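One structure is given here, and the rest of the page talks about it.
Numbered from 1 within each chain, the chains take letters A, B, ... in sequence-line order. Because the structure is predicted, anything quoted here is derived from the model rather than measured.
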Amino acid sequence: MAKFLTDREENYAQWYNDLVIKADLAENSAVRGCMVIKPYGYAIWEKIQAGLDKMFKDTGHVNAYFPLFIPKSFLSREAAHVEGFAKECAVVTHYRLKTDESGKGIVVDPTAKLEEELIIRPTSETIIWNSYKNWIQSYRDLPILINQWANVVRWEMRTRLFLRTAEFLWQEGHTAHATSQEAVEETERMINVYADFAKEHMALPVIKGYKTENERFAGAVDTYTIEALMQDGKALQAGTSHFLGQNFAKAFDVQFTDRTGKLEYVWATSWGVSTRMVGALIMAHSDNNGLVLPPRIAPLQAVIVPIFKTDEQLQLISEKAREIMTGLQNAGISVKYDDRDNLKPGFKFADYELKGVPVRIAIGPRDIENGTVELARRDTLQKETVPAQGLPERLKDLFIEIQASIYNKALNFRDDNTYKTDDWKEFTDIIENRGGFVLAHWDGTTETEEKIKEETKATIRCIPFDSTEEDGLCIYSGKPSKRRVVFARSY
RNA sequence: CGGGGUGUAGCGCAGCCCGGUUAGCGCAUCUGGUUUGGGACCAGAGGGUCGCAGGUUCGAAUCCUGCCACCCCGACCA
């Protein structure tokens with residue numbers, strides 16, 4: 001198990017790849033662009049799922065499941081929507097295989113052609129709204145607040161583990177409302193849920209804002225986003241929430257009778273986050289020793305490593321370790337006792353650091369004598385010897401401290417890498433040489449946005465919700481602008 | 001889809017130019033022993049359709065043709 005990472009400073013992309021592989025999170029599969037999420041990586045995703053799912057339920061949503069396949073005709077009902085996804089759809093054309101004429105191998109049976117091809121969902125608006133049509137007659141049927149956990153496929157040309165894969169896991173919320181205002185409120189509520197989750201669970205500071213028309217979801221009236229900054233200075237869109245207006249209601253003819261007896265089209269939202277979150281987590285916090293996981297997301301929050309020379313010592317230590325482990329488990333802490341006797345403690349230390357386990361507890365003969373244990377924090381790599389007594393409480397406090405510390409570190413990094421400029425030269429210099437978020441004026445046109453993208457590869461990540469009105473001149477065109485927007489190169 | 005690279009044991013690679021013993025090394029695995037407060041050591045053992053398919057040749061991991069897969073860099077994207 002040679003597992004030394006490429007240094008982050010030397011080659012960030014390689015460091016990321018090494019980390020994903022060596023921390024045993026995921027690997028490439030036999031299918032181009034698709035990954036195998038390994039148990040440890042999946043455990044992180046499950047923590048993300050659990051945290052978000054609770055927040056969805058707490059805000060009145062329920063889970064359901066819709067088909068993987070979408071009739072081709074559905075996708076084309078909404079013009080902008082199909083336009084946005086057409087280029088990356090996998091299509092099912094046949095439903096049967098048969099043995100090859102030559103007797104070897106297997107081929108598609110040409111007589112088993114589907115009358116209407118099926119699209120593997122790149123997102124589920126169309127299939128869901130086709131159902132909602134049947135579910136909604138009256139304002140009394142509204143709102144519908146449904147989420148689904150699912151896989152989707154977008155046939156990407158270039159993929160990277162967790163950040164962009166042809167198939168990925170996500171959740172997609174799809175809600176239906178009687179009024180525009182209610183739908184807009186839902187859209188805002190969910191982007192706030194995402195931002196809170198990112199902050200509280202993932203220790204990831206994000207900027208909430210509007211997408212420009214150019215970056216908007218295909219078929220949306222408005223797209224809200226949370227944007228996070230990675231350690232290499234590139235932005236990552238970590239979640240989006242869309243106000244869909246009546247676009248899908250009209251496309252699928254979903255009308256309802258309102259209180260006054262008038263027939264109206266339903267208002268819609270959709271919102272999602274994906275396994276990309278795992279990539280965000282890795283790139284935001286980890287270091288050259290491996291993953292750094294915030295305690296609230298870590299599948300394993302603490303690990304106990306025994307240090308011993310003789311079997312008698314191991315027995316004594318194991319007894320104590322199990323007692324400690326039970327105490328921690330009773331306090332709701334996820335902990336493992338690693339008593340493998342074929343590996344040296346040093347190896348285990350390095351391994352759990354690679355895996356990002358927030359706290360390591362080492363117990364040796366000295367500790368047994370003194371009634372102590374050695375605690376090591378993954379985030380700061382600091383070690384201290386503490387009394388074995390009252391460990392559950394100590395750890396709970398420590399987790400809170402670590403969680404906050406990781407968040408603050410990320411926040412400071414973002415602040416240190418957020419620039420404000422009104423000078424084009426400086427703008428290009430920052431984008432090219434330093435990275436990070438650049439707050440600059442923009443004239444509001446897609447044309448300018450595209451030009452800037454062409455020349456610098458920077459895109460408008462969002463127009464922050466909390467941006468203040470400020471008269472200025474567009475960084476590129478010099479035309480008047482009312483507010484600054486966030487530029488960055490992005491994943 | 002364009003450019004570059006790689007495919008040899010579970011993983012990482014050497015061998016290929018210049019064809020010729022039984023295809024080799026490190027890590028991992030297994031066995032035995034000694035070790036264990038920051039990535040242990042010794043001894044032994046097992047493990048291979050050399051990416052696939054053709055061709056050249058007395059003989060191919062090595063040369064030729066075709067195909068496939070994956071990785072990296074660009075055009076598109078959560």
Side-chain angles (χ1 to χ4, degrees), chain A residues 1-5 11 13-14 16-18 21-22 24 27-35 84-89 104-105 122-123 151-172 194 211 214-218 223 225-228 235-242 270-280 289-290 305-311 313-314 317 338-354 360-370 372-374 376 381 383 385 453-454 457 459 461 490-491:
Chain A
M1 252 191 263
K3 52 179 55 166
F4 295 96
L5 299 171
N11 184 341
Q14 193 59 46
Y16 175 82
N17 285 337
D18 283 2
I21 300 294
K22 289 178 177 161
D24 221 18
E27 63 187 25
N28 283 300
S29 71
V31 184
R32 185 192 185 86
C34 294
M35 66 175 164
F85 287 108
K87 285 167 291 183
E88 49 189 29
C89 285
K104 276 194 183 176
T123 177
N151 58 339
V152 288
V153 168
R154 297 181 187 174
W155 211 264
E156 300 290 347
M157 296 176 187
R158 266 195 67 204
T159 57
R160 292 191 64 189
L161 294 170
F162 288 114
L163 299 175
R164 177 166 302 106
T165 45
E167 180 192 11
F168 57 93
L169 305 183
W170 78 344
Q171 57 69 218
E172 45 181 328
Y194 288 156
K211 280 294 185 188
N214 201 34
E215 298 271 331
R216 204 173 282 160
F217 174 73
T223 291
T225 179
I226 51 170
E227 297 286 328
L236 186 133
Q237 177 178 309
T240 48
S241 181
H242 316 290
S270 69
W271 27 273
V273 304
S274 71
T275 35
R276 180 180 245 204
M277 274 279 194
V278 179
N289 290 323
V305 177
I307 291 150
F308 59 95
K309 284 196 169 68
T310 64
D311 280 352
Q313 284 177 337
L314 177 60
I317 291 165
D338 185 350
D339 63 350
R340 289 177 293 177
D341 62 358
N342 57 333
L343 297 171
K344 291 184 73 173
F347 179 91
K348 294 179 186 175
F349 293 176
D351 193 47
Y352 291 109
E353 278 165 17
L354 179 64
R360 181 181 72 236
I361 303 163
I363 309 175
R366 279 207 304 269
D367 296 303
I368 295 294
E369 237 169 78
N370 303 334
T372 58
V373 299
E374 183 193 76
L381 299 172
K383 292 193 273 201
T385 298
K453 185 180 175 183
E454 258 170 56
K457 291 182 194 150
T459 51
R461 300 321 303 156
S490 74
Y491 276 99

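The side chain of A/Lys309 lies closest to B/rU36 when the candidates are B/rU36, B/rA78, B/rA40. Distance from the side chain of A/Ala362 is smallest for B/rG37 among the nucleotides B/rG39, B/rC73, B/rG37. Set against B/rC70, B/rG39, B/rA78, the side chain of A/Ala350 has B/rG39 as its closest nucleotide.
In this structure, CG of A/Asn17 is placed 19 Å from P of B/rU6, rounded to the nearest angstrom.
Remark: A/Arg158 is in phosphate contact with B/rC73, judged by side-chain N or O atoms under 4.0 Å from OP1 or OP2. For the OP1/OP2 pair of B/rA40 and a distance below 4.0 Å, the side-chain nitrogens and oxygens of A/Lys344 include at least one atom meeting the criterion.
At a threshold of 4.0 angstrom between heavy atoms, the contacts of A/Gln14 with the nucleic acid are absent. The residue A/Glu156 sits close to a base: some heavy atom pair falls under 4.0 Å. Counting non-hydrogen atoms under 4.0 angstrom, A/Leu314 reaches nothing in the nucleic acid. Residue contacts shown for A/Pro306 are absent, as no nucleic acid heavy atom lies under 4.0 Å away.
In terms of position on RNA chain B, the residue among A/Ala13 and A/Lys348 whose nearest nucleotide sits closer to the 5' end is A/Lys348.
For A/Asp367 against B/rG37, a side-chain-to-base donor-acceptor contact under 3.5 Å is present. At a cut-off of 3.5 angstrom, counting only N and O atoms as typed in the model, there is no donor on one side facing an acceptor on the other between the side-chain of A/Glu353 and the base of B/rG39.
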